[in-house]
Structure formats: C-alpha cells, structure tokens
Amino acid sequence: MFPIPWDREGTMMFVKSYGTAWGSTYLIKFLASKARPNGDNRTSFPSGHTMSAFAGAAFIDGRFGMGFGIPSYALALFTGYSRVHSGWHYRDDVL
C-alpha cells in the first residue's frame, strides 16, 4: 500500500508521530541551548534534521512494514552522519 491523499488513518498517524517528535525536539533545543560546533547559534541539541528523518522512518516502518522501513532507517542514519560531518552538530546531538 502506498500513501494516498485520502488515507485519513495514515495521515493522522503521521501528524501525531511527527508532531510529538517535533514538539519535544524544539522544547529540548530551547531548554538545552547548546552551541553548534560552527558557532552559528545555540540550537545544536538535539538535531532537528535527524529527528525528522527518524520520525519519518518510524512512520514508514509502522505504516508500510520493514520492507520500506529498513531503507528509511538507513537514510535516517545517513542524515545523522551528514549533520555531524558537515559541522552543524556534535555526535551526541544526533544520537
């Protein structure tokens, strides 16, 4: 099954999971106020990009199964790696 615009159950699953992940990530960012490795600002911990990638991967895994979930998690891992490699985050920010 692939996502379709009128898939109300899948849409609600996504909104709830991503909304919860987004809200907690940005609350922690505000409370932690950790400086980025490049000194750009104080929103390093936790990584929002990595959160988005893993929230999406978890949704795909839960909704469509491991056949789609495992590749999604692999891409999410790469997202975390790239955020550290590019100098925007420390390792603990993406863990």
Side-chain angles (χ1 to χ4, degrees):
M1 172 192 296
F2 290 95
I4 49 177
W6 55 87
D7 179 7
R8 293 182 202 272
E9 182 183 356
T11 300
M12 287 311 299
M13 283 175 63
F14 178 78
V15 167
K16 289 176 184 177
S17 65
Y18 189 78
T20 302
W22 186 89
S24 14
T25 296
Y26 285 91
L27 176 63
I28 294 168
K29 276 184 179 289
F30 174 75
L31 295 173
S33 189
K34 181 179 177 186
R36 292 186 182 272
N38 64 9
D40 187 44
N41 59 41
R42 300 193 63 82
T43 58
S44 187
F45 177 78
S47 168
H49 286 86
T50 306
M51 173 280 301
S52 290
F54 274 97
F59 167 74
I60 291 169
D61 184 35
R63 187 74 177 149
F64 304 108
M66 287 184 2
F68 292 103
I70 290 173
S72 299
Y73 284 120
L75 291 171
L77 282 169
F78 179 73
T79 301
Y81 166 79
S82 70
R83 299 304 290 166
V84 172
H85 183 71
S86 65
W88 284 98
H89 289 282
Y90 298 102
R91 288 182 193 155
D92 61 325
D93 297 341
V94 302
L95 292 176

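Just so you know, these numbers come straight off a predicted model, no measurement behind them. For this chain, numbers begin at 1 and follow the sequence in order.
With values rounded to the nearest 0.5 angstrom, Y73 atom OH is found 13.5 Å from T79 atom OG1. In this structure, CZ on R83 lies 12.5 Å from NE2 on H85, to the nearest 0.5 angstrom. L27 CG to W22 CH2: the interatomic distance, rounded to the nearest 0.5 Å, is 10.5 Å. If you take OG1 on T11 and NZ on K16, they are separated by 11.5 Å, rounding to the nearest 0.5 Å.
Contacts of F45 classified as side-chain contact (heavy atoms from CB on, under 4.5 Å), with partners at least two apart in sequence or in another chain: I28, A32, K34, D93.
Residues F68 and F14 fall within the same hydrophobic cluster, defined by Ile, Leu, Val, Met, Phe, Trp and Tyr side chains chained together at heavy-atom separations under 4.5 Å. Residue M13 is grouped with residue M51 when hydrophobic side chains (ILVMFWY) are merged at heavy-atom distances under 4.5 angstrom, including chains of intermediate members. Under a hydrophobic clustering in which Ile, Leu, Val, Met, Phe, Trp and Tyr are joined whenever their side-chain heavy atoms come within less than 4.5 Å, directly or via other members, V84 and W88 fall into different clusters.
V94 and S47 make their closest contact through CG1-CB, 3.8 Å (heavy atoms, listed as atom of the first residue, atom of the second, distance). Smallest separation of non-hydrogen atoms from A76 and A57: CB-CB, 4.4 Å. Between G48 and T25, the shortest heavy-atom contact is CA-CG2, 4.2 Å. Across I60 and G69, no two heavy atoms sit closer than the pair CG2-N, 4.1 Å. Scanning all heavy atoms of the two residues, the minimum distance from G80 to T50 falls at CA-OG1, 3.4 Å. Scanning all heavy atoms of the two residues, the minimum distance from N41 to T43 falls at OD1-OG1, 2.7 Å.
With a 4.5 Å cut-off on side-chain heavy atoms, R63 and D7 count as touching. R42 has its side chain out of reach of R36: every pair of non-hydrogen atoms, C-beta onward, lies at least 4.5 Å apart. Y18 has its side chain within reach of S52: a pair of non-hydrogen atoms, C-beta onward, lies under 4.5 Å apart.
Between F59 and F64, the ring-plane angle classifies as perpendicular under the 30° and 60° cut-offs. The aromatic rings of Y81 and F78 sit tilted, their planes meeting at an angle between 30° and 60°.
No more than 12 heavy atoms of other residues, nucleotides or ligands shown are found within 6.0 angstrom of CE on M66.
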